[in-house]
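Quick notes on the structure that follows.
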Amino acid sequence: VGGPVIKDKLHYFGNFEYERHPLTSAWTTAYTAFNAELSGTESRKIAGGRLDYQLSRQIRLMGKVSGQHTYTPFGAGSSSTGAASTVTNDEKNREYLGQMTQVINNRSVNEIRGGYSHYGFKTATLVNWAKHWQAPNGITNGYPRITFTGFALNANANAPRHRDQNVWQLRDDFTYSYDARGRHDMRIGAEFVRHFEDSLNCAQCGGTID
């Protein structure tokens, strides 16, 4: 949806999408005590908004925000391991952007753009264990990988884990048009980017029992 707020001055645009569908997974091992069927709902939300403002004949401003959130409660079933091996997945991202475009004269244009974006995800097993080996470090999700001859309770080797990525950006582009044996466009500019990542991967921290 979109349209003018102030004719020829301020315009808006917005979008929203919501998707959800049922999931069913079955674990059909040779050992009925470990068989299970899980039912749940996977969902995804996408949204965004934008404003454009004509500050003057020479200056135009723009602001935009967007993002999405996807949640999956469990993965596909298996015939070789139990349902405890599956994981949830929680994924999201956000983007914020601002821009100013200035027409200096009929040959020169300057554009300044700045923004911030975030992407992150979390995965976790369906099992919480108060006496986890890593409980003193705040980890109580997961359990030991237990292997038997021809069968295994394979706790996900990388769960729980999370990763968050944050990026800040500032950019300036200056464009100049000139004539010299034909028309030419010259662009110069500068950009600053700060990229930060925070990650925790509890690789097999529940241990393995053979």
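In what follows, every heavy atom counts, from backbone to side chain, and hydrogens, waters and symmetry copies are set aside. All residue numbers in this chain count up from 1 along the given sequence.
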Which residues share a side-chain hydrogen bond (donor to acceptor under 3.5 Å, both in side chains) with Y71, sequence neighbours left out:
none

Geometric class of the F148/F151 ring pair [parallel <30°, tilted 30-60°, perpendicular >60°]:
parallel

With a 4.5 Å limit on heavy-atom distance, are the side chains of Q102 and I112 in contact?
no

Note: Y116 and N166 closest approach over all heavy atoms is OH-OD1, 2.5 Å

side-chain hydrogen bond (donor to acceptor under 3.5 Å, both in side chains) partners for S66, two or more places apart
E95

Transitive ILVMFWY side-chain link V103 to L55, under 4.5 Å
no

Does T86 use its side chain to pair, donor to acceptor, with the backbone of G75 at less than 3.5 Å?
yes

Non-hydrogen side-chain atoms of H132 and C205 separated by less than 4.5 Å
yes

Among K122, E197, E91, which residue meets the side-chain contact (heavy atoms from CB on, under 4.5 Å) test with R163?
E197

Run the side-chain contact (heavy atoms from CB on, under 4.5 Å) test against Y176 and tell me which residues pass, sequence neighbours left out.
R107, S108, F174, Y178, M186

Suppose the criterion is salt bridge (Lys or Arg N to Asp or Glu O under 4.0 Å): which pairs have a residue in residues 16-26, not counting sequence neighbours?
none

Can you tell me how far CG of N201 sits from CG of N158, rounded to the nearest 0.5 angstrom?
4.5 Å

From D172 atom CG to E111 atom CD, the distance as rounded to the nearest 0.5 Å:
9.0 Å

Same hydrophobic cluster for M100 and Y12, using side-chain heavy-atom links shorter than 4.5 Å among ILVMFWY?
yes

Is there a donor-acceptor pair closer than 3.5 Å between any side-chain N or O of T123 and the backbone N or O of A159?
no

Determine, using the 4.5 Å side-chain heavy-atom cutoff (strictly less than), whether L23 and L126 are members of one ILVMFWY cluster.
yes

Are the side chains of F196 and Q165 in touch, meaning some heavy atoms are under 4.5 Å apart?
no

Hydrophobic cluster membership, with links at side-chain heavy-atom distances under 4.5 Å among I/L/V/M/F/W/Y: are I146 and F34 in one?
yes

Would Q54 and D8 count as a side chain to side chain contact (heavy atoms under 4.5 Å, CB included) here? Give the steps.
CA-CA 7 Å; Q54 191 74 30; D8 299 328; over 6 Å; no

side-chain hydrogen bond (donor to acceptor under 3.5 Å, both in side chains) partners for D210, two or more places apart
T147

pair W27-L38: side-chain heavy atoms closer than 4.5 Å
yes

N141 side chain to T125 backbone, donor-acceptor under 3.5 Å:
yes

Look up atom CG in D90 and atom NE2 in H162, then write down how far apart they are to the nearest 0.5 Å.
12.5 Å

Should the heavy atoms of other residues, nucleotides or ligands under 6.0 Å from CZ of R60 be counted, would the total exceed 12?
no

If the test is side chain to side chain donor-acceptor pair (under 3.5 Å), which one of R113, R171, K64 qualifies with Q99?
R113

Heavy-atom count around W168 CH2 within 6.0 Å, excluding the residue itself: above 12?
yes

Hey, does L97 have a side-chain heavy atom less than 4.5 Å from the side chain of M62?
yes

Give the cluster check for L153 versus Y31: same hydrophobic cluster or not, with ILVMFWY residues linked at side-chain heavy-atom distances below 4.5 Å.
yes

Closest contact, heavy atoms only, C202 versus I139:
SG-CD1, 3.6 Å

Residues passing the side-chain contact (heavy atoms from CB on, under 4.5 Å) test with D185, sequence neighbours excluded, are S177, R183

